[in-house]
Amino acid sequence: MSGTPADAMAACRAAFAEGRTRPLAWRLAQLDGLERLLVREGRALVDAVVADLGRAATEVRLTEVASVQREVATLRRGLPRWVRDERVRTPLVLHPARSWIRREPLGVVGIVGPWNYPVNLLLVPLAAAVAAGNAAVLKPSEEAPATSALLAERLGHYLDPSTVAVCEGGPSATEALVDAGPDHLFFTGSPRVGGLVGARAAARLVPTTLELGGKSPAVVDRSADVASAGLRIAWGKLLNAGQSCIAPDYVLVDDARAGELLEALVGAVRRLYGPDPWRSADYGRIVSDRHVDRLAGLLDGHGGRVVVGGEVDRVTRYVAPTVVVDPDPAAPLLQEEIFGPILPVVRVRDADEAAAWIRRRPDPLALYVFGEDRAVLDRLLATTRSGGVCWNTTMHQFASPSLPFGGIGGSGIGAYHGRHGVERLSQLRPVLHKGRRLDLPLAYPPYPAWKGRLLTTALELPSRLRVARRPAGGPPSVPTPQ
Ligand code: NAD
């Protein structure tokens with residue numbers, strides 16, 4: 001199904017209203033369809049992403065095909081258990097009664113994707129949407145045109161075309177999709193556009209999941225295995241030429257280990273992409289001239305020292321793996337999301353100074369902590385906020401379907417992957433069934449004084465007893481955070 005977002009939304013809404021998407025069998029069939037798509041069109045999908053982004057085919061296969069297959073397999077395995085009615089306790093005063101929670105589909109989910117992982121970030125939300133029993137209208141990014149066209153053409157051959165539609169286009173297609181009033185909008189993209197789209201959705205009371213970006217720090221403590229930290233930070237930063245929402249954006253390193261870390265980073269760049277990364281078949285390119293110019297701008301006037309890289313070739317859209325030490329904290333390099341292969345390294349006194357630095361900035365999507373000292377990890381967890389955390393690695397939190405993936409504050413609203421995606425795109429609908437055998441007249445009017453006293457005493461007694469047992473005094477004393 002294609003056409004305008006409004007047409008697609010109307011058709012999907014009609015199919016949803018017929019109850020087509022609710023049965024478990026339909027949901028599992030859609031997940032089967034997605035799996036078939038990934039197997040039969042895997043090659044074509046990889047070629048499309050390579051054509052759009054100039055990435056290494058192996059990297060694309062891992063991040064765009066294999067990881068979506070793993071997600072679909074997890075959903076198929078868990079779904080029958082996750083969507084069963086959940087019996088919950090009913091308070092004694094309501095007895096005789098029983099209560100349960102039913103997971104209901106929301107309706108039609110609008111899914112807007114970015115260009116940087118154009119298959120994964122469209123199909124994983126789609127898998128969650130259909131697993132939860134929803135219809136879906138997808139809007140791929142216009143900046144990955146080959147992938148967008150392929151999905152628009154092929155998806156309907158594998159999934160129920162009356163309930164899943166793709167509408168291609170740019171910002172105006174997103175706006176039309178929001179205006180068509182989906183029951184939920186699942187948006188992945190930049191914080192700036194997320195704010196605009198979120199505001200438009202809020203004006204129409206369309207609930208949203210916003211998967212955004214930001215500056216994700218890597219903290220290298222003095223207890224770290226610096227060689228391993230350097231390799232894992234460089235790998236996470238340079239995957240897809242730094243164009244990943246959870247790429248380590250910058251490094252905060254304990255001053256005592258800064259020299260070693262710089263050596264490790266330079267060594268890691270050579271190990272991963274050889275002496276001339278321009279010639280490496282595994283090193284990606286920047287998506288557009290606009291982004292090459294933006295990155296070249298970040299390399300101008302940062303006030304730091306380039307220890308490796310720095311070259312930009314606009315013709316081939318190449319930006320070298322680049323490490324910049326001691327940049328000016330006020331420079332755009334340390335203010336804006338970099339979204340490219342440039343890694344600023346900032347020295348700090350210790351992990352506490354790193355935490356203070358992170359707290360002064362918008363909440364990041366990821367926090368990467370390198371160190372062998374568990375107490376340092378716990379202190380950073382207690383004194384900062386981030387969407388997710390990796391200890392002694394980067395990027396891998398995205399690859400586990402058991403972990404909720406999403407941001408907090410400026411880096412997003414809501415999380416998904418595996419069961420968390422199904423929960424996010426379901427309504428938890430409570431049902432209470434009251435037996436008829438015992439129907440005490442106490443709760444019904446009229447309320448003479450004796451009834452009021454009896455009722456309030458019965459309902460308030462447990463709290464009154466608990467308060468009476470506690471020592472009198474002011475606010476409770478709480479331990480001060482360390
Ligand atoms: P983007 O915000 O420019 O575009 C995302 C989508 O919004 C695209 O489909 C685009 O067509 C649409 N869009 C763009 N401008 C719009 C407007 N004015 N009104 C309505 N719709 C508009 O993001 P991008 O450049 O495609 O992706 C890069 C950004 O996405 C980075 O900030 C990155 O951190 C973030 N990102 C986040 C995640 C995540 O999972 N949290 C994943 C990938 C990328």
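Numbering of residues begins at 1 and proceeds along the displayed sequence. Just so you know, ligand 1 is whichever comes first in the structure, and atom 1 is the first atom listed for that ligand.
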| field | Shortest protein contact, atom 19 (N) of ligand 1 (heavy atom only) | value | P171 CB, 3.7 Å
| said: Is it the case that the side chains of R317 and S288 hold a donor-acceptor pair, with the cut-off being a distance below 3.5 Å and no angle test? | reply: no
| task | Assess the pair H396 and W235: is the distance between their ring centroids shorter than 6.0 Å? | result | yes
| note | Contacts of R424 meeting salt bridge (charged side-chain N to carboxylate O under 4.0 Å, His left out) (sequence neighbours excluded), chain-then-number -> none
| message | I need the nearest protein heavy-atom contact for atom 41 (N) of ligand 1: residue, atom name and distance, please. | response | L212 O, 2.6 Å
| Which is closest to atom 2 (O) of ligand 1 by heavy-atom distance: S190, S172, P125? | S190
| request: Check whether any protein heavy atom sits under 4.0 Å from atom 32 (O) of ligand 1. | output: yes
| query | Side chain, backbone, both or neither: which part of Q243 comes within less than 4.0 Å of ligand 1 when only heavy atoms are counted? | reply | neither
| remark: Out of G214, G113, S141, the nearest non-hydrogen contact to atom 6 (C) of ligand 1 is supplied by G113
| Plane angle bin for H291 and F339 - parallel if under 30°, tilted between 30 and 60°, otherwise perpendicular | tilted
| said: For a 4.5 angstrom cut-off between non-hydrogen side-chain atoms, does L126 reach Q30? | reply: no
| Min N/O separation H291 to ligand 1 under 3.5 Å | no
| field | Within-shell test, E143 vs ligand 1, heavy atom, strictly < 4.0 Å | value | no
| query | Would you say P118 and S141 make side-chain contact, with heavy atoms under 4.5 Å? | reply | no
| Does ligand 1 have an atom that lies less than 4.0 angstrom from a heavy atom of F187? | yes
| task | Sequence neighbours left out, what passes salt bridge (charged side-chain N to carboxylate O under 4.0 Å, His left out) with R305? Give chain and number order. | result | none
| Does P191 have a heavy atom less than 4.0 Å from any atom of ligand 1? | yes
| field | ligand 1 N/O within reach of K139 N/O, cut-off under 3.5 Å | value | yes
| said: Within 45 degrees of the ring normal and closer than 6.0 Å to the centroid, is that where the cationic atom of R361 sits relative to W357? | reply: yes
| Nearest protein heavy atom to atom 35 (C) of ligand 1, by residue and atom, and its distance? | G189 O, 3.1 Å
| query | Identify the closest protein heavy atom to atom 13 (N) of ligand 1: which residue and atom is it, and at what distance? | reply | V193 CG1, 3.7 Å
| task | Just need the protein heavy atom nearest to atom 12 (C) of ligand 1, so name the residue and atom and give the distance. | result | T174 OG1, 3.7 Å
| T209 versus H184, side-chain donor and acceptor atoms under 3.5 Å | yes
| Are any of the heavy atoms in F405 under 4.0 Å away from ligand 1? | yes
| note | among protein heavy atoms, the one nearest atom 39 (C) of ligand 1 is C245 SG, 3.3 Å
| Within reach of ligand 1, part of V112 (heavy-atom separation under 4.0 Å) | side chain
